[in-house]
Amino acid sequence: MGGSLRDLLADRPVHDWDLATSALPEQTRSLFPGSVYENEFGTVDVDSGGDGIGIVQVTTFRADHDYADFRRPHRVEFGESIERDLARRDFTVNAIAWGVEPGGAPRLVDPYGGRDDLATGVLRAVGDAPTRFREDALRMVRAVRLAAALELTIEPDTLAAIGREAELVRHLSGERIAQELTRILETPRPSVALRLLEDSGLLAVLWPDLAAQRGVPQNKIVGEDLWDHTLRSVDAASTPRIRLAALLHDLGKPATMADGRFVGHEIVGADLARRFLDDLRWPHAERDRIVRLIRQHMFGYVPTWSDAAVRRFIAKVGRDLLEDLFLLREADNVGSGRPPEPDGLAELRRRVEAQLSAGVALDRRGLAVDGADLIRELGLPPGPLIGRILDRLLERAIADPADNTRERLLRVARSIAAQGPTA
Ligand code: ATP
Ligand code: MG
């Protein structure tokens with residue numbers, strides 16, 4: 001039932017199987033040794049064994065819920081029938097079930113014409129669309145995501161209801177919106193869903209900073225604006241992380257626009273991206289990577305860069321980020337109507353690679369001395385001065401790797417220390 005049956009009927013790969021039953025969770029648990037029940041929503045995880053299907057979610061029929069503040073139900077009630085269970089589902093294509101009742105023949109339960117809608121390519125709310133969206137505003141975002149992912153057209157009344165109720169998505173938790181955004185970025189061309197978000201009025205409520213990109217002029221592709229550029233860049237990006245970075249990479253442009261330029265937009269944009277991701281409760285490590293990518297995305301390579309300049313670039317970006325930064329630049333280029341690797345990007349990659357494999361110092365760990373050496377050899381007290389000296393030594397080693405010997409670095413360190421506490 002639900003998404004698995006929908007995908008099966010639409011000839012799409014089924015990625016998880018959902019089963020519904022009148023049995024209560026405890027009954028399901030005792031029927032299947034090793035099954036797990038760890039929630040209050042009636043869903044038991046049953047391992048189907050070595051048949052390649054894996055874990056199957058078996059959920060007790062549900063009935064009406066208490067809906068409050070336009071979010072998910074606060075309470076789940078177990079129900080008696082599959083029909084009542086299907087009535088609380090969001091869209092007709094998701095409200096189809098197949099199964100057997102005791103003593104009966106197998107039958108398809110499709111009270112809302114989900115199979116016809118699937119065949120004609122229509123995404124339609126179950127029942128009265130505005131009512132269903134007021135029960136749970138996430139359904140509007142799901143509508144956009146499902147329509148894009150399943151290549152369905154949102155039925156006119158359902159679409160009109162999204163337009164009217166769009167404001168309600170303000171009440172949703174960041175986590176739930178984040179989950180839908182993640183799924184949008186997993187679709188083959190995320191721009192399809194992102195345009196639908198815009199056209200339906202959801203984008204302006206969810207992410208006004210992105211909606212503000214519409215109409216901002218860009219002299220990249222004739223007739224296209226900043227939002228078009230963002231959408232093209234997202235589609236061109238290859239991994240979910242780069243797609244998210246591409247979505248946010250020019251967030252700072254509307255606020256910094258002056259005389260047709262966007263000076264410092266990567267700095268403003270990095271701040272806005274951090275806030276954007278914090279609102280979604282994005283995991284911090286991943287958030288930080290995205291923010292750093294946006295902060296660094298404006299690098300401009302020219303072939304006259306010395307090897308020392310290449311090393312400074314590596315040190316500034318951080319070697320853990322380089323590959324993603326190049327992928328983001330490729331997507332940005334394609335989004336600007338250019339080939340992925342014009343003007344020297346391939347050359348920069350080769351030169352970066354050469355420096356990385358040369359074993360030269362690119363961060364403090366690569367230096368021939370460490371803080372403990374400075375304390376011991378120079379008789380300095382532990383403290384921030386040590387860190388400042390190490391930074392200067394790193395600059396020196398990056399400028400000329402031949403200086404990265406214990407003897408030379410200690411000599412440089414002595415002369416810095418001799419300049420006094422302001423060094
Ligand atoms: P996917 O194919 O990405 O898993 P899905 O439609 O199966 O999409 P799930 O989040 O796995 O989405 O939800 C499983 C089923 O639960 C849906 O098919 C739908 O019937 C129902 N459902 C999920 N979220 C809601 C909601 N907010 N309101 C009503 N029904 C929902
Ligand atoms: Mg599913």
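We count ligands from 1, going down the list as the structure has it; atoms in each ligand are counted the same way. One-based numbering along the sequence shown. This structure is a prediction, so every number in the text was calculated from the model and none was measured.
For the pair Arg329 and Phe299, the distance from NZ or CZ to the six-membered ring centre is under 6.0 Å and the angle to the ring normal is within 45 degrees.
Remark: Asn39 engages no residue in a side-chain hydrogen bond (donor to acceptor under 3.5 Å, both in side chains) (not counting sequence neighbours). For Phe262, there are no ring pair (Phe, Tyr, Trp, His ring centres under 6.0 Å) partners, not counting sequence neighbours.
Proximity of His15 to ligand 1, defined as any heavy-atom pair under 4.0 Å, is confined to the side chain (atoms from C-beta onward). For Arg145, every heavy-atom contact with ligand 1 shorter than 4.0 Å involves the side chain, none the backbone.
Nearest-heavy-atom check against atom 13 (O) of ligand 1 across Arg142, Arg183, Arg132 picks out Arg142. Selection from Leu86, Asp90, Val14, Asp85 by nearest heavy atom to atom 30 (N) of ligand 1 gives Asp90.
In summary, the atoms of ligand 1 found under 4.0 Å from a heavy atom of Arg88, numbered by their order in the structure, are 29 (C), 30 (N). For ligand 1, the atoms closer than 4.0 angstrom to any heavy atom of Asp136 are 26 (C), 27 (N). Those atoms of ligand 1 that come under 4.0 Å of a heavy atom in Gly3, given as number and element, are 7 (O), 18 (O).
Heavy-atom separations between Glu135 and ligand 1 are all 4.0 Å or longer. Not a single heavy atom of Leu138 sits closer than 4.0 Å to an atom of ligand 1.
The line from CD1 of Ile375 to CD1 of Ile386 is 4.5 Å long, rounded to the nearest 0.5 Å.
For Trp305, the CH2 atom is densely surrounded, since the number of other residues' heavy atoms within 6.0 Å is greater than 12.
Classification of the His249-His297 ring pair by plane angle, with boundaries at 30° and 60°, yields perpendicular.
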